[in-house]
Amino acid sequence: MKFKKMLCLGIAAVMSVTLLAGCGGGAAKTGGQQSESDANTAVTDNTGNEQDSSGNTPDEGNTDGAGGVKGANEDMPNTQTTDETLRIGLSAEPSTIWGSGVGKVENEAQIISSAIMDRLVNVDRNTGDVYSMLASEWEWVDDTHCTFTLRDDVTMSDGTPLVADDVVYSAGVWMDINANTDTGRFLAGAKADDEHTVTIEFNTAAPDFLNMIAWSNFGIVSEDEVNAAGGLEEAAKNPVIGVGRYKFKEWKSGQSITLERNDDYYDKDYAGYYKEIVFTFTQDSAARAMAVQSGDLNVAWDMPISMVNTYVGSDTVDVVMHTFGQNTRLFYNMGPKAGPTADLKVRQAIDKALDFEAIAMVGTAGTVPAVLGYFDLNSKYYNETFTAEERAVDVEGAKALLAEAGYADGLELSLVGMQDQNPIFTVIQENLRQVGINLTINIVDTPQFVEAANGGDYDLIHVGDLVDARYPAMMTFYRQSIIDTFCIGGPKYTTPEVDAAVGALIEEKDEKKAQDQAAELEKIWKDEMWFSNTYSEMKAAVTSKGLKGYNTIERGFIDPTGFYK
């Protein structure tokens, strides 16, 4: 069993470091190990008792935290259907609904397409177990070939049955249109063995590939229905294609996208409570939350933790918070354009100066402690690389290291980051000021962030790292073949030894050996201080009072198909 420290929830996101450090709580048990960290983090029920991902209360009598906060993936499945409409508020309107058809990856598009296009397999977000969706069974032929047997009771949107050629066509779209993204760059081909059997070839050995192709961008469509819709570009805008729990109905540009329940869905164990799901788009988080309060929305998704925290205990709305298997890290520039951070002593000094508990307090509203290892706390590959004592602030130790590096009189550094993490950067800035480092915070938009990251134009950069499974895309920042062509963030630095070790870790079939291999890598990163782990990222939402069925898909994206009253 692992332990999580429940810190007090009732704080605003921007507080002084002194106030943050003074807010604490006792340790409380959580549920057992989980290989998929989309399961909710330990939260509290309405009695104040902490719950694990299944809704159990493993430590009776614990009253840390604030009551009324829900997790994800904890309610029983719905069993009823109604003629009601579910309204979900997203922060942005997607440019496409079927991103894989035009080579785009947009969060909002992934959420919507997941409801209308099923994949070969799906994942239990509490356990990480892969289970059947369009494929009834599968078998690994060797390390890079997997054969899937398709269900024989699936009818596509055009009325034709699902066949192996549909999977072959879909795989071709993934590879041809998405060659430079995770959707296509790890695939080598697909072949129909017969009408209901298809073999997919991967170009990298990775036992967790099946977990990856459960992502919403791997929805199965047929060539005939795409052509009937007018081709790839038109189908991406008007996706009456594929098969899913819901069907596309209407897109009012600038206003809403509407889906309708698929009453002919092949899986008769599924019941969609809502007849229609309407997505609206409002960048203003406060406006989305107020729309839930007024009854105009049922769900305001992807809300700032600090704002959601103000609704805890509300009589009119519910609050949802959960981890999703992604840790954030402060990466140090060690590449060709590196300045002072190329010096190990400088990197170690920064690490000693940081108040990790305060950073985690701001980043997670006090629900999850500072990260002590590379993998997510609930991952089967988790290692506690740092002790809590090693994470303690050491101002004098940091100053001594800076002096040894030749910066006894101070140091100027810059950090590149996004607006939503600015409160965290403020804490980091204050931490570094205590040891004589003046940190300039550069808040940029997404294109500028990617440009700076890929160009190496930064001293420090704070970016999330998805580590809920050993995907072939995992540890992107340390694989030279990926750094050279596809990298958002990271140190722009690795060694042949680390590169080979990362590859071996991803390919290892034995999970215990993989955990041990991860520990060896983490020791290297710790000794050389390539980055500083900060906190487990959180997703948060405001929902209608009593709304059930808050489930997630990959990366903590919301699953719109499971809600009910």
Side-chain angles (χ1 to χ4, degrees), residues 4-25 40-51 63-72 74 87-92 280-324 328 357-369 418-427 430 443 535-548 550 552 556 558:
K4 291 181 182 176
K5 184 178 180 183
M6 292 299 292
L7 305 175
C8 65
L9 265 165
I11 59 170
V14 184
M15 283 187 166
S16 71
V17 177
T18 302
L19 285 175
L20 287 168
C23 182
N40 59 292
T41 187
V43 294
T44 58
D45 62 17
N46 289 324
T47 66
N49 291 328
E50 185 189 0
Q51 296 183 326
T63 56
D64 290 337
V69 181
K70 295 183 175 181
E74 62 182 19
R87 299 184 182 277
I88 298 176
L90 304 178
S91 61
T280 58
F281 317 104
T282 306
Q283 186 176 9
D284 189 326
S285 301
R288 296 204 308 277
M290 287 189 288
V292 176
Q293 282 188 304
S294 69
D296 293 332
L297 287 178
N298 301 104
V299 181
W301 182 73
D302 204 14
M303 299 285 290
I305 293 290
S306 57
M307 183 178 295
V308 166
N309 191 47
T310 65
Y311 289 94
V312 172
S314 168
D315 293 330
T316 58
V317 298
D318 285 333
V319 167
V320 179
M321 293 186 191
H322 62 93
T323 56
F324 60 101
T328 53
E357 287 294 341
I359 293 169
M361 179 70 73
V362 172
T364 72
T367 58
V368 182
M418 305 284 282
Q419 179 64 46
D420 61 337
Q421 294 186 337
N422 196 41
I424 297 152
F425 301 151
T426 302
V427 176
E430 175 62 17
I443 299 297
Y535 63 90
S536 297
E537 287 196 56
M538 305 283 292
K539 290 290 187 184
V542 174
T543 70
S544 300
K545 199 71 178 176
L547 187 67
K548 296 182 181 296
Y550 191 106
T552 61
I558 195 173

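Taking 4.5 Å as the limit, some side-chain heavy atom of T328 sits within range of a side-chain heavy atom of Q421.
The one candidate from N298, T316, L297 that meets the side-chain contact (heavy atoms from CB on, under 4.5 Å) condition with S544 is N298.
Atom-to-atom distance recorded for E74:CD and K548:NZ is 9.0 Å, nearest 0.5 angstrom. A distance of 6.0 Å separates CZ of F281 from CG of L90, quoted to the nearest 0.5 Å. How far CE of M303 is from CE of M538: 14.5 Å, rounded to the nearest 0.5 Å. Atom-to-atom distance recorded for Y535:OH and T323:OG1 is 13.0 Å, nearest 0.5 angstrom. The distance from atom CE of M290 to atom OH of Y311, rounded to the nearest 0.5 Å, is 6.5 Å. From T426, atom OG1 reaches atom CD1 of I359 across 11.0 Å, with rounding to the nearest 0.5 Å.
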Take Y550 and K70, measure what side chain to side chain contact (heavy atoms under 4.5 Å, CB included) needs, and give me the verdict at the end. CA-CA 9 Å; Y550 191 106; K70 295 183 175 181; over 6 Å; no
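The main-chain N or O of A291 is found under 3.5 Å from a side-chain atom of S294 such that the two form a donor-acceptor pair.
Under 4.0 Å is where a charged nitrogen must lie from a carboxylate oxygen, and between K539 and D302 at least one such pair does.
Using a 3.5 Å distance cut-off with no hydrogens or angles, the side chains of D284 and T282 do not pair a donor with an acceptor.
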